[in-house]
Amino acid sequence: MPKSEFLREAEARGFIFQCTDMEALDAAMQAGPVGGYIGFDPTADSLHVGSLIQIMMLRLMHRHGHRPVALVGGGTAKIGDPSFREEARQLMTAETIATNLRGVEACLRQFLPLGTGPAEPLLTNNADWLDKLSYIDLLRDVGIHFSINRMLSFDSVRSRLEREQGLTFLEFNYSILQSYDFRELNLRHGVTLQMGGSDQWGNIVSGIDLVRRMNGAQVFGLTTPLLTTSSGAKMGKTAQGAVWLSAKRLPVFDYWQFWRNVEDADVGRFLKLFTELPIEECDRLAALEGAGINEAKKVLATEATALCHGRAAAEEAAEAARRTFEEGAVTAAALPTTTVPAALLAEGVPAFRLFVEAGFAASNGEARRLIRGGGARVNDVVVKDEAQVMTDADLIDGAIKLSSGRKRHILVQPA
RNA sequence: GGAGGGAUGCCCGAGUGGCUAAAGGGGGCGGACUGUAAAUCCGCUGGUGUACGCCUACGUUGGUUCGAAUCCAACUCCCUCCA
């Protein structure tokens with residue numbers, strides 16, 4: 001049982017999967033503030049729920065007086081992490097990386113009060129040092145510490161080698177650069193802990209080795225469990241795709257809904273991981289029986305959304321959900337909205353077309369099937385005829401509410 | 001370098017000349033039941049069109065045939081074994 005507050009709470013909340021040296025890390029954390037970092041690769045212009053456990057970990061550190069460091073992989077993104085991947089990642093262009101970096105940083109800012117003071121969360125970019133490396137120097141200074149034999153033995157790499165897809169030299173170097181990051185952060189900011197998902201274990205351990213050899217410092221690694229839902233699905237994937245943290249990618253209402261629709265069995269676990277309510281409160285809510293658990297889900301949704309998008313937006317989403325689901329209101333201001341050319345409605349547009357415009361169907365045929373199946377509603381009235389024509393006359397408060405199934409709603413406005 | 005095997009729809013996977021828009025499963029979407037849950041049951045699941053249809057699709061290209069996912073040739077990629 002760890003003694004430091006951070007590790008105790010992290011363990012109690014379910015953040016810890018593996019640690020390289022729990023006792024020593026515990027001792028270090030009791031002795032004083034520890035700098036710990038997590039890397040985020042800019043593979044898209046927003047992070048998604050899959051990275052949330054890492055972000056929450058950084059917040060948890062901060063709350064306990066340690067210094068969280070968020071590293072964005074502006075440099076490593078040029079290579080792509082091959083760990084546990086079946087195929088090589090598509091290489092990204094410099095412009096894509098730059099765009100993604102801005103998006104990822106914005107996501108991190110949503111959660112972390114960044115600053116430069118010794119106790120404030122720090123944001124760094126490994127392009128700052130990786131871009132400057134010279135190949136020969138790197139080989140001599142860093143390469144000499146890596147054993148190919150050992151690198152080949154990592155699970156994350158082995159599967160790639162043993163199975164079909166090969167592993168290019170480019171990708172093989174990812175691990176070395178990530179290790180080098182640890183060393184740089186240790187030198188520059190005194191970081192002594194690297195955290196990450198359990199799939200990062202191999203990379204983290206390599207980094208610890210490198211820091212010991214190059215800097216002569218003892219540093220630590222801590223991984224979080226791979227999160228799945230109770231029914232085994234990978235956390236954070238929904239029908240629509242990833243659950244994005246950026247409101248540009250996923251409306252706040254939908255983000256709230258994601259948490260609201262979590263399986264019963266996951267509520268307690270998620271409350272502890274993705275909200276900052278006291279553990280006892282999480283346990284109390286998770287213990288609610290039957291339909292009562294829905295109250296816990298609402299708390300989860302609002303709390304988790306508040307951390308991501310702010311309290312006000314979260315409350316608004318909760319209210320929109322209440323009006324939509326509990327009162328059956330036709331329009332609720334905070335529902336996601338989209339626009340269609342005003343001319344469409346002025347001239348009259350078939351309902352199926354509108355469902356396509358709203359993104360509820362990928363093709364006219366799919367929209368027709370939705371209507372045939374009885375799952376399409378306009379202003380809460382089931383659409384019976386696929387050819388039904390919508391016009392300006394269908395606007396209510398300047399918008400038409402489209403619903404696909406019980407749960408997906410959107411307001412369509414002419415523009 | 002040599003010898004075999006393989007490439008099918010979002011994924012897995014059946015299919016060896018017409019009955020194949022292509023079995024079955026998964027996933028997804030919708031419906032029922034419920035609690036905006038899970039489990040279960042039902043329907044749908046290439047595009048276009050109201051519809052007979054038309055278009056696109058079984059690694060790529062070309063060929064045989066009235067007709068090809070299925071036969072032939074070349075090419076590309078992958079796997080296994082030998083050296």
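Just so we're on the same page: letters track the sequence lines, and every chain starts at 1. This one's a predicted model, so the numbers in the text were calculated from it and none came from an experiment.
A/E326 contributes no side-chain N or O that forms a donor-acceptor pair with the base of B/U36 under 3.5 Å.
Comparing B/A7 with B/C12, their C1' atoms sit 14 Å apart, to the nearest whole Å. One P atom belongs to B/C72, the other to B/U80, and the distance between them is 26 Å to the nearest Å. B/U16 and B/G63 are spaced 26 Å apart, taking the P atom of each and rounding to whole Å. Nucleotides B/U65 and B/C58 place their P atoms 22 Å apart, quoted to the nearest Å. Nucleotides B/U36 and B/G24 are separated by 33 Å at their C1' atoms, to the nearest Å. Nucleotides B/C11 and B/G4 place their C1' atoms 28 Å apart, quoted to the nearest Å. B/G28 sits 41 Å from B/C66 when the C1' atoms are compared, rounded to a whole Å. Separation of the P atoms belonging to B/A3 and B/A74 is 13 Å when rounded to the nearest angstrom.
A straight line from CD of A/E263 to P of B/A37 spans 11 Å, rounded to a whole angstrom. Distance CZ (A/F355) to P (B/C29): 16 Å, rounded to an integer number of Å. Across the protein-nucleic acid pair, A/L288 atom CG and B/A38 atom P stand 18 Å apart, rounded to whole Å. Protein atom CD of A/Q388 is 15 Å distant from nucleotide atom C1' of B/U50, rounded to whole Å. When the P atom of B/A38 is taken as reference, atom CZ of A/R260 falls 11 Å away, rounded to whole Å. Distance CZ (A/R406) to C1' (B/G31): 9 Å, rounded to an integer number of Å. Regarding A/D266, its CG atom lies at a distance of 10 Å from the C1' atom of B/A37, rounded to whole Å. Separating the CZ atom of A/R408 from the C1' atom of B/C29 is a distance of 8 Å, rounded to the nearest angstrom.
Donor-acceptor pairing under 3.5 Å is lacking for the side chains of A/T192 and A/N186.
Among the heavy atoms of the strands lying under 4.0 Å from A/A321 is at least one base atom, whether or not backbone atoms are also near. If you check every strand for non-hydrogen atoms under 4.0 Å, A/G290 touches a base. At the heavy-atom level, A/V262 lies under 4.0 Å from the strands shown only through sugar-phosphate atoms.
Remark: A/K248 does not engage A/D45 in a salt bridge, criterion side-chain N to carboxylate O under 4.0 Å. By the 4.0 Å N-to-carboxylate-O rule, A/E326 lies too far from A/R322 to be salt-bridged with it. Remark: A/R67 does not engage A/E120 in a salt bridge, criterion side-chain N to carboxylate O under 4.0 Å. A salt bridge between A/R8 and A/D26 is absent, with no side-chain N of the basic residue lying under 4.0 Å from a carboxylate O of the acidic one. A salt bridge between A/K3 and A/E23 is absent, with no side-chain N of the basic residue lying under 4.0 Å from a carboxylate O of the acidic one. Taking a cutoff of 4.0 Å between a charged side-chain nitrogen and a carboxylate oxygen, A/E105 and A/R102 do not qualify as a salt bridge.
Here the two rings, on A/W259 and A/F274, have centers that are under 6.0 Å apart.
Comparing atom distances between the A/N261 side chain and each of B/U36, B/A37, B/G30 picks out B/U36 as nearest. Between B/G30, B/U36, B/A38, one nucleotide has an atom nearer to the side chain of A/S404 than all others, and that is B/G30. Closest to the side chain of A/D264, out of B/G30, B/U36, B/G35, is B/G35. Counting only heavy atoms from C-beta on, A/W256 has its side chain closest to B/U36 among B/G35, B/A32, B/U36.
Nucleotide B/U40 has B/A32 as its partner under the Watson-Crick or G-U criteria, with both atom distances under 3.5 Å. Remark: B/U76 base-pairs with B/A7. Criterion, Watson-Crick or G-U wobble with two distances under 3.5 Å. Under the Watson-Crick and G-U wobble criteria, each requiring two contacts below 3.5 Å, nucleotide B/C54 is paired to B/G47. Across all strands shown, B/A23 forms no Watson-Crick or G-U wobble pair with both distances under 3.5 Å. Pair assignment for B/C71: B/G63, on the basis of Watson-Crick or G-U wobble contacts that are both within less than 3.5 Å.
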| request: Start with the C-alpha distance between A/V142 and A/D137, add both sets of side-chain angles, then the distance that settles side-chain contact (heavy atoms from CB on, under 4.5 Å), and finish with yes or no. | output: CA-CA 8 Å; A/V142 179; A/D137 290 342; over 6 Å; no

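Using cut-offs of 30° and 60° on the angle between ring planes, the pair A/F6 and A/H66 is perpendicular.
When each of A/K298, A/R311, A/E281 is paired with A/E303, the side-chain contact (heavy atoms from CB on, under 4.5 Å) condition holds for A/R311 and for no other.
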Find every protein N or O atom lying less than 3.5 Å from an N or O atom of nucleotides 45-47 of chain B, and list the pairs.
unit_1: B/G47; atom_1: OP1; unit_2: A/S363; atom_2: OG; d: 2.7
unit_1: B/G47; atom_1: OP2; unit_2: A/R369; atom_2: NH2; d: 2.5

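Comparing A/F352 and A/I293 by the nucleotide of RNA chain B whose heavy atom lies nearest to each, the residue mapping closer to the 5' end is A/I293. Toward the 5′ end of RNA chain B lies the nearest nucleotide of A/A376, the other residue of the pair A/A376 and A/N294 mapping further downstream.
With sequence neighbours left out, the side-chain hydrogen bond (donor to acceptor under 3.5 Å, both in side chains) criterion links A/S46 to no other residue.
Contact check, A/K407 against B/C29: no side-chain N or O comes under 4.0 Å of OP1 or OP2.
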| request: Summarise how protein sits on nucleotides 51-57 of chain B as a single string, 5' to 3': B when a protein heavy atom is under 4.0 Å from the base, S for sugar-phosphate-only contact, - for no contact. | output: S------

